[in-house]
2 protein chains.
Amino acid sequence: MAKTTGTGQRPTIRMVAELAGVSTATVSYVLSGRRGDGGPGVSDPTADKVKSAAERLGYHPNQAARAIRTGRTNTVILSLTMLSDPWSLSVIEAVQRAAAPLGITPMILGDADWVKVLGIHNADAVFVDAVGAKERDAPRRLAATGTTLVVFDELLEPEGFDVIRSLAGPGCELAMEHLLNGHRRIGCLTAVPSSGIPVGPRYAAYARALEGAGIPVREDYVGGFDGTTAGAYAAATRLLSLADRPTAVYATTDFAAVSAINAAQRLGLAVGKDVDIIGVGNTVEGERMSPSLSSVGPVDFFDRLARLLLQRATGEGSDAGPGVLDFPWQLFVRESAPHRNAAARLY
Amino acid sequence: MAKTTGTGQRPTIRMVAELAGVSTATVSYVLSGRRGDGGPGVSDPTADKVKSAAERLGYHPNQAARAIRTGRTNTVILSLTMLSDPWSLSVIEAVQRAAAPLGITPMILGDADWVKVLGIHNADAVFVDAVGAKERDAPRRLAATGTTLVVFDELLEPEGFDVIRSLAGPGCELAMEHLLNGHRRIGCLTAVPSSGIPVGPRYAAYARALEGAGIPVREDYVGGFDGTTAGAYAAATRLLSLADRPTAVYATTDFAAVSAINAAQRLGLAVGKDVDIIGVGNTVEGERMSPSLSSVGPVDFFDRLARLLLQRATGEGSDAGPGVLDFPWQLFVRESAPHRNAAARLY
DNA sequence: CTGTTAGCGCTTTCAT
DNA sequence: ATGAAAGCGCTAACAG
């Protein structure tokens, strides 16, 4: 078997140049694009020599070195907390689809400690899916030192970086309105911080909607959990095991709603009949499961997010500077919480 | 509010040097470690000047530039197909735990196209969780050009890279033996390629074990699916809806087993009683769910994998060269497929 | 059309 | 104890 490759070291542009009998500049030119501005600028014979030399050596330009010169890494970073959440997978999928044709590689950062990492590593653009309470000014600082950021946050104002807002509040109210049209005993599943008190606009919409309907918030109807699938499952089981269990459950994320559906079925309840369950986020997982999950979510969210991120990464799209991107929300009525009317009320 | 940061450009070591009134060499020295070999080599006053200058500028050394000099990126790449699989999450978690104290950042590559990416981007070490049929020689090529690789594969031989084997075959036989001790109608859930024919050692163990027990493989007992959670759920539903449904289900991955449990419960079957379900992989998700999932899996797998990867990344641990790392497997009997004896047979 | 050269930000001898 | 300077692999002016 021919030993086609070499020494255990990565081939450099210089080795290619030597093997092809040309200068490194020519190699760089041939491999990375046009020279100057106008005409062709390369002869076919030389180009071929270079290409075959590169091929033989298994040469690929060192991105770190290229980055240091051009300032571009051909990389975008996705900082994703909760990788197990289908929402994250949808982000990844959409960004990958959009990045591939541009020769840009999406790298995923599962680490919660994105602030430190982004201070050190460079990417053409970075998406951050959650800024914690202690890091509210980190995006501004990072943006000031040259990091191109797109953050997903309901409250942050754009200061040198883009903010994506999903308008979850109004969206979640859609979900609650849907349930209130047929239910009065409505439970809630929501991830809670260690303090134990529910927070965030998605939970707020629950409380506000109940209040608006003149229904007091029952503490035993609020199932706080730790953010894990197992936790959601346990919380749902507790809710649905109550003597006067809720006839509907509003979950602040789709994945919690999926856990609730599984828990309900385990308890022998017919979802969409004995109990209605609605989620938030409108993930494909929920859409595909059986019974399919009713949910609310932004329209065309992931693709537009991906488009913005890559536009920022490439610098293309002569759009205006950083700003806010809002997403209109919509109600997706499916099997787990069908339409109800007066005749089909569960109370 | 004081405008502490500057121009929208990342501060360089030169800016720090100027602000501190020292040379770039000194800055580099202060911030990255000892100079020379022996004695201290830095005076406290200068060190302080440098540190405070760096602080004020929000300076962090540019990793790309550092990489080009040192050849180290302080990065490991995890190439993970099937990010939704809890197995992948366990890998990520373990590697992050092990990498953090070393100042190494794990980057996740969700892209299936790892060969191309690894040819371009550098990392101190790379873990690859699956090599497809068309890429069998890619690891060797990459290793020859200087990439430090750890691949997870049952068959590949180490040629300049490490191979991790889980010895799934013998492990899966453990699972089947467990089920055969109480069942004769045993179904199988397994992801199948587009060809539609089940492959791989995990499925082979199923067929072999049945054969060994003198039980023919029934085609309608083999639930092939597309690798997604939803697909596994559908396949399990089909299996368990058969007139003479299997009394036990062997799933070639834990996540498929979890789907099977959900499907069984949806159908009103008591898991661990009416039907036994066992998985492969022994993930924490399975362990924590209710009923807890019986499974087989390697012992201490993720931590040892992480240890090896980071050892390769740092070059520490004066171990021998690349080789094969085998993992002994073990049966974990939990609620979804309890111990059975002659008296408790379901046939 | 091709080669020479400077320099990106950083580390690292080697002088001082 | 500190600084000057070379050079990592690459790209981009500018000559030729």
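Within every chain, numbering begins at 1; the chains are lettered A, B, ... in the order of the sequence lines, protein sequences first and strands thereafter.
Atom CE in A:M15 sits about 11 Å away from atom P in D:dC8, given to the nearest Å. Residue A:N122 contributes atom CG, which lies 16 Å from atom P of C:dC8 at whole-angstrom precision. One interatomic measurement links the two molecules: CZ of A:R14 to C1' of C:dT5, which rounds to 13 Å at whole-angstrom precision. Put simply, CG on A:L31 is 8 Å from P on D:dT11, counting in whole angstrom units. One can place NE2 of B:H121 at 18 Å from P of D:dG9, the figure rounded to the nearest angstrom. Separating the CG atom of B:N74 from the P atom of C:dT11 is a distance of 10 Å, rounded to the nearest angstrom. The CD1 atom of B:I13 sits 14 Å away from the C1' atom of D:dA5 (whole-angstrom rounding). Atom OH in A:Y29 sits about 25 Å away from atom P in D:dG9, given to the nearest Å.
When all heavy atoms are compared, the tightest approach of B:A99 to B:L310 is N-CD1, 3.4 Å.
A salt bridge links A:R312 to A:D162: one of the charged nitrogens lies within less than 4.0 Å of a carboxylate oxygen. With salt bridges taken as basic N to acidic carboxylate O contacts below 4.0 Å, one links B:D137 and B:R141. Under 4.0 Å is where a charged nitrogen must lie from a carboxylate oxygen, and between A:R165 and A:E157 at least one such pair does.
Residues from residues 62-72 of chain B placing a heavy atom under 4.0 Å of any atom in DNA chain D, listed by number, are B:I68, B:R69.
Shown here are the side chain to side chain donor-acceptor pair (under 3.5 Å) partners of A:S52, two or more places apart in sequence or in another chain: there are none.
Proximity note for B:S23 (side chain, C-beta onward) versus D:dC10, D:dG3, C:dC10: the nearest is D:dG3. Which of D:dT11, C:dG3, D:dT2 sits closest to the side chain of B:T26 comes down to D:dT2.
Between A:F301 and A:F152, the ring planes are perpendicular. Angles over 60° get that label, and only those under 30° would be called parallel.
For the OP1/OP2 pair of D:dC10 and a distance below 4.0 Å, the side-chain nitrogens and oxygens of A:Y59 include at least one atom meeting the criterion.
Contacts classified as ring pair (Phe, Tyr, Trp, His ring centres under 6.0 Å) and involving residues 92-125 of chain B (residues at least two apart or in different chains) are not found.
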